[in-house]
Amino acid sequence: MLGRVAALAALGGFLFGYDLGLIGGAMLGISQAFSISSVSTKEAIVAAAKLGACVGAFLGGALMLRYGRRRAIAAEAVFFVAGPLVMAAATGPGGLVAGRFLVGLGIGASAIVVPAYLAEIAPAARRGAAVQTYEVRAPQAHTCDIVMIYASAQGSAACWPPPA
């Protein structure tokens, strides 16, 4: 039971690494799709998730203290859903910045809440292994990023938006 709960809760670690790592390969396509030539606009799009993560860490701690670990994890999931929806509906760089900031809130909250939850539910003898499931997911996500960036560079239909 603990293994299944830890694996599911550790998806936050995967999303942490995936959302922060994928933007590097996506910026070329984003720049072309939205006709962005300004370096500061590109920087704002990339930095929005990191800024959101800084704010999200404090938000995650506050949610965890006020509502408990489980409800805080549910609340952070809202950011991981809302952020990509905002980005998918974006018609310009402002929408991308807003969506990335929302994802960043989820990333920051996840970095605080999920390890605390995993440590709380695990027996003392297995606590380190339970929390490690979260920590190991970020580098796994970076590997997934590399595959997705490579696939999109090859013109694969696996990228979004699909090549014309």
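- With sequence neighbours excluded, the residues forming a ring pair (Phe, Tyr, Trp, His ring centres under 6.0 Å) with Tyr18 are Phe14, listed by chain and number.
- Residues Met64 and Val131 share a hydrophobic cluster, clusters being chains of Ile/Leu/Val/Met/Phe/Trp/Tyr side chains in contact below 4.5 Å.
- Members clustered with Leu28: none, using a 4.5 Å side-chain heavy-atom cutoff among hydrophobic residues.
- Listed by chain and number, the residues in a salt bridge (charged side-chain N to carboxylate O under 4.0 Å, His left out) with Arg69 are Glu120 (sequence neighbours excluded).
- With sequence neighbours left out, the side chain to side chain contact (heavy atoms under 4.5 Å, CB included) criterion links Val78 to no other residue.
- Considering only residues two or more places apart in sequence or on other chains, Arg126 meets the side chain to side chain contact (heavy atoms under 4.5 Å, CB included) condition with Leu2, Pro123.
- For Gln140, the side chain to side chain contact (heavy atoms under 4.5 Å, CB included) partners at least two apart in sequence or on another chain are Val136, Arg137.
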Donor-acceptor contacts, no H, no angles, side chain residues 33-62, under 3.5 Å, sequence neighbours left out:
from  : atom 1 : to    : atom 2 : distance (Å)
Ser38 : OG     : Ser40 : N      : 3.4
Ser38 : OG     : Ser40 : OG     : 2.9
Ser38 : OG     : Thr41 : N      : 3.4
Ser38 : OG     : Thr41 : OG1    : 3.3

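- Applying the side chain to side chain contact (heavy atoms under 4.5 Å, CB included) criterion to Arg70, with sequence neighbours excluded, gives Tyr117.
- Through direct or relayed side-chain contacts under 4.5 Å between Ile, Leu, Val, Met, Phe, Trp and Tyr, Leu85 connects to Val81.
- Identified under the side chain to side chain donor-acceptor pair (under 3.5 Å) test for residues 103-114, with sequence neighbours left out: Ser110-Tyr134.
- With sequence neighbours excluded, no residue satisfies ring pair (Phe, Tyr, Trp, His ring centres under 6.0 Å) with Phe80.
- Atom OG1 of Thr133 is separated from atom CG of Leu118 by 5.0 Å, given to the nearest 0.5 angstrom.
- Atom CD1 of Ile112 sits about 13.0 Å away from atom CD1 of Ile107, to the nearest 0.5 Å.
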